[in-house]
Amino acid sequence: MTEMPYTPTPEEQDALRRIRDRLGPKGWVDDPETLAPWLIDSRNVYEGRCLGMAKPATTQEVSDILAIAYEAGIQIVPQGGNTSRVGGATPDPSGRQLLINLGRMNAVRDIDAANYTMTVEAGCILKDLQDKAESADRLFPLSLGAEGSCQIGGNLASNAGGINVLRYGNARDLVLGLEAVLPDGRVWNGLRRLRKDNTGYDLKQLFLGSEGTLCIITAAVLKLFPLPKERAAALVALSDLDAAVTLLEQARTASADALMSFELMPGFALDWAERHVEGAKQPFDTTYDWTVLLEIGGTRADGSAGQALEGLLERAYEDGHIVDAVLPQSEEQRSQIWFLREAIVDAQVREGAQVKHDVSVPVSRVPDFIRQANAAVIEMMPGIRPYPFGHVGDGNIHYNLSQPVDMAAADFATHREALQRRVHDVALSLDGSISAEHGIGLSKREEMLRCKSDVELETMRALKNLFDPKGLMNPGKTIPAARAETK
Ligand SMILES: Cc1cc2nc3c(=O)[nH]c(=O)nc-3n(C[C@H](O)[C@H](O)[C@H](O)COP(=O)(O)OP(=O)(O)OC[C@H]3O[C@@H](n4cnc5c(N)ncnc54)[C@H](O)[C@@H]3O)c2cc1C
């Protein structure tokens, strides 16, 4: 039976008409074909419906439409590039929610090279901002697989991580100031460009990582850094898993903490990448158990980054921590090994159904985590294929699981929840987190009940209620209902 579309109440219809009038034809989308891709999350797990999509072009427009929606009690789902891995930007299936997509707010308002800052609007595409910073001889270091389509507002709202966290921190570490519109339409202009500002509670840190549940972020002052003038990368094969932690420690020291990335990949993932992804090439003759892609940045183009890397690898080889290494000799070869790193994600998709995790543990406990999680899932399901990889320099493992070769994908999916709980239990037992960088959204909301104390959850609910007393901002995301209310 086809569900009937939701019919807005007269009050909602009046509010939607006022919003459309305020935004004009460029600022409103309601034809089903254009809307369709914005109603499904990037993992194709959640699909929703909506009243329409508002596309404001200015902070004042965001403020006006939120004020109208607030008065009429219309629920809002803020959306950037819709690349969330946890269903955070997808409306629910009721058809009663209004999408607000920030894509038209894409101006860089100011670059202050001497202050090492850039003031940008929320809808700027991350890659465009990296390029803009580079054209001013500066680095904006946030970098992740979805950078060609995700927006800085979405990155900040979900406190994104990515491949350079080791050296520069998460998205929340890269912000000096913020502009946000509160659910009732009030604008908070906190676009300060200060590195020292010790004046009471830090509101911006509350909004960063709030996943669209407290406000709409409309602009930010981002920190910039000296542009590395050279990058020296290597793909190395480890003697064993524990060598990852030793090599990481040594690399930080040898590079004077200029290590930018340290990505762990199981050797067979490189084979899968070569088999399934066009252009990906496994550079080793043998399938090693564990490999690491590491990269050091240098602010002088004098070969010192390369020398530090070579010295490090020579020592690591002599000490028996690594058994093989590939050092790219050109920018093209360097891009190829980074392409391989990105390709292992697609390669796993082609190997059948998966269960994914984005956990973190203290860096020193990464090998224990992988060993204990492997033992736990193999005990639950012999034949399951653990596929752990990721930003191990930050203790962040994308602990993915591929279905046993002889199991139907649908059968594997029925074990998803039990597997996830088991893996999360291992991470929590090692003082870890169930979400290192993707956030909570819809997919991990109920796990919050297991990993947060009552004090923490009650404080989060109190803050949510303070900013959003009508519960209109991204309802149902991130914060679970109180324990007594679930069931
Ligand atoms: C191939 C791929 C690789 C990825 N790699 C990484 C990675 O390495 N590290 C990582 O951290 N993530 C990664 N992600 C996840 C995702 O790209 C990031 O979470 C990204 O920061 C989301 O940005 P977005 O603009 O797409 O936001 P969306 O998906 O549109 O939204 C994300 C959340 O933020 C809210 N939101 C969006 N814009 C605003 C705003 N202006 N104000 C308030 N709330 C807002 C939404 O409601 C939602 O809750 C990856 C995703 C893909 C598809």
Side-chain angles (χ1 to χ4, degrees), residues 37-44 46 48 53 55-56 59 62 66 75-91 97-106 120-127 129 142-165 169-172 174 178-183 207-220 261 263 341-346 348-349 356 358 360 389-391 394 396 398 435-445 467-468 473-479:
W38 302 97
L39 301 177
I40 301 179
D41 79 299
S42 73
R43 280 195 168 144
N44 291 320
Y46 302 102
M53 180 199 273
K55 298 193 73 177
T59 303
V62 176
L66 281 192
Q75 297 180 356
I76 299 297
V77 179
Q79 199 175 60
N82 195 27
T83 66
S84 167
R85 305 306 263 166
V86 290
T90 311
Q97 300 185 326
L98 176 67
L99 271 180
I100 299 189
N101 187 298
L102 279 290
R104 286 177 72 215
M105 289 192 62
N106 57 6
V120 307
E121 292 184 346
C124 291
I125 300 286
L126 175 56
K127 178 77 176 71
L129 293 182
L142 188 66
S143 176
L144 45 98
E147 63 196 25
S149 52
C150 62
Q151 298 173 8
I152 191 68
N155 301 145
L156 301 184
S158 55
N159 184 28
I163 57 172
N164 290 331
V165 173
N170 288 305
R172 70 163 73 250
L174 302 175
L178 208 65
E179 179 186 82
V181 183
L182 302 186
F207 292 152
L208 295 166
S210 64
E211 301 189 44
T213 64
L214 298 181
C215 66
I216 292 193
I217 294 170
T218 45
S261 306
E263 302 282 312
R341 162 63 184 87
E342 297 303 336
I344 68 169
V345 181
D346 270 352
Q348 199 208 358
V349 176
K356 300 191 172 197
D358 165 42
S360 62
F389 66 92
H391 319 302
D394 320 317
N396 177 190
H398 295 307
S435 183
E437 60 176 9
H438 291 164
I440 297 298
L442 263 183
S443 68
K444 292 185 187 153
R445 188 189 58 191
F467 285 98
D468 182 20
M473 292 297 291
N474 220 359
K477 311 281 171 50
T478 312
I479 301 176

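Both ligands and their constituent atoms are indexed starting at 1 by order of listing. When a residue number appears, it is its place in the shown sequence, counting from 1.
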With Asn159, which residues qualify under side chain to side chain contact (heavy atoms under 4.5 Å, CB included), at least two apart?
-> Asn170, Ala171, Arg172
Applying salt bridge (charged side-chain N to carboxylate O under 4.0 Å, His left out) to Asp41 and not counting sequence neighbours gives none
Please name all residues satisfying salt bridge (charged side-chain N to carboxylate O under 4.0 Å, His left out) with Glu147, sequence neighbours left out, ordered by chain then number.
-> none
Within the 4.0 Å heavy-atom sphere of ligand 1, strictly under, residues = Pro78, Gln79, Gly80, Gly81, Asn82, Thr83, Ser84, Arg85, Gly88, Ala89, Leu102, Ala122, Leu144, Gly145, Ala146, Cys150, Gln151, Gly153, Gly154, Asn155, Ala157, Ser158, Ala160, Gly161, Gly162, Glu211, Gly212, Cys215, Ile216, Ile217, His391, Glu437, His438, Asn474
Report yes or no: do Ser158 and Glu211 form a side-chain donor-acceptor pair below 3.5 Å?
-> no
Decide yes or no on side chain to side chain contact (heavy atoms under 4.5 Å, CB included) for Ser84 and His438, but give the supporting numbers first.
-> CA-CA 7 Å; Ser84 167; His438 291 164; over 6 Å; no
Could you tell me whether a side-chain N or O of Glu437 sits under 3.5 Å from a main-chain N or O of Gly162, the two making a donor and an acceptor?
-> yes
